[in-house]
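Before any comments, here is the structure.
Counting begins at 1 with the first residue of the sequence.
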Amino acid sequence: MERLKLVLQYFQSNSESISNGICIILALVGVKIYTSFDFNCPCLPQYNKLYSLGVMIIPPIILFFLGVLVNKHAGIMTDEWMRPIGNRSKNSAVVKYLFSAIIQRALLAPMVWILVTLLDGKIFICAFSVSVDPTLFSGLPNNTEHDVIKIMAKVPCKEDVIFRNSSFRKAVSRYVRCYSQAVGWSILLFLIVLGSLGRFIKPCFDDNASFLQTRYWSNYLDMEQKLFDETCVLHARDFARKCVVQFFEDIREDIREDTIILLPQTPFITSSKEKWENGEEERLHGITKQEQVDQLLNKWYFSKPELNVTRIAHKLRTCVAWEDHEGTLISRTQSAV
């Protein structure tokens, strides 16, 4: 149980791991859909290849766009590319890095679908059984009124009556399936070799310092967006609480009460209420009107703050300390100047 909690915490804290996990889930879903999908070849010369290529191409396209859609880095990349410059210049290297990462993750599920279909071979048999030379095999049914092309188009349909008690269909299917699996394994080998070469050769030609900077600022954009959303949620909650409390206080003042009972208020309750209100006012940052909120959000979009925190880091702080009658330090508080 503890290990499961650690894994969940890791995925929650690492946005790249979340994106990778989603892409892996899409790939597994694609495999599950294919295995549960009942593929029935039309067994007609003019439709076999069209139907087979449609099953092999259209689902990968859908999975690709789903992979782009569920990747939150796509929104971050688009915002960074389309935003006004304002006080912060755009970094094209970060946009390219995010685009490359999105495409690589989105291609995982489509490639898994294509590889599974090729290794299975049923779609390949349906698409290219007509292209096989029937003279390479013995047992071609010649006691039917169909021509050779129509007979070859019916090879994927094992229940057809013309292939009853005939080994011709099995031989052709096995021949085409071998080609399909050879293509599938070749593509898989090519991808593995390409990825390995890219992993080993890329550091030799790229500037590692520039790559580290690009990766840092891409992570910064992700974290900035996350913290901005969390801060907006906290501010909206405090703003809504303040509006609701103010509304009921105004209503209470308008209501005429016949009996008023005065109860003493303890200093503890008073101090707790003051602390809570002061903390709420601090979180509101002085933004207490709708026009101010709209102006702030408009300023964030059109003129994002520059990436410079020296003013905050070098801000002077005053320290107030209390000591007892013997000169011993009791407590200390700091406040910004």
(message) Let's go through Lys90 and Val95 carefully: what are the C-alpha distance in whole Å and the side-chain angles of both, what is the deciding distance for side chain to side chain contact (heavy atoms under 4.5 Å, CB included) to 0.1 Å, and is it a yes or a no?
(response) CA-CA 9 Å; Lys90 294 183 180 180; Val95 177; over 6 Å; no
Determine, stepwise, if the pair Cys41 / Cys126 fulfils disulfide (SG to SG under 2.5 Å).
CA-CA 6 Å; Cys41 187; Cys126 181; 2.0 Å; yes
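Closest heavy-atom contact between Pro134 and Phe168: O-CE1, 3.9 Å. For Lys122 against Tyr34, the heavy-atom pair with the smallest separation is CE-OH, 4.2 Å.
Remark: side-chain polar atoms of Thr214 are not paired, donor with acceptor, to backbone N or O of Ala93 under 3.5 angstrom. With Arg169 contributing its side chain and Pro156 its backbone, the two residues share no donor-acceptor pair below 3.5 Å. The main-chain N or O of Pro305 is found under 3.5 Å from a side-chain atom of Arg88 such that the two form a donor-acceptor pair. Side-chain N or O atoms of Thr117 include one that pairs as donor or acceptor with a backbone N or O of Ile114 at under 3.5 Å. Between the side chain of His235 and the backbone N or O of Leu284 there is at least one donor-acceptor pair closer than 3.5 Å.
Aromatic ring orientation, Tyr51 versus Phe39: parallel (interplanar angle below 30°, classes split at 30° and 60°). Using bins of under 30°, 30° to 60° and over 60° for the plane-to-plane angle, the ring pair Tyr179/Tyr175 lands in the perpendicular bin.
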Hey, can you pull the donor-acceptor pairs under 3.5 Å for the side chains in residues 74-82, sequence neighbours left out?
from: Thr78; atom 1: OG1; to: Ala74; atom 2: O; distance (Å): 2.8
from: Glu80; atom 1: OE1; to: Arg83; atom 2: NE; distance (Å): 3.1
from: Glu80; atom 1: OE2; to: Arg83; atom 2: NH2; distance (Å): 3.2

Considering only distance and modelled atom types, tabulate donor-acceptor pairs under 3.5 Å from the side chains of residues 52-60, sequence neighbours left out.
from: Ser52; atom 1: OG; to: Asn48; atom 2: O; distance (Å): 2.8
from: Ser52; atom 1: OG; to: Ala127; atom 2: N; distance (Å): 3.4

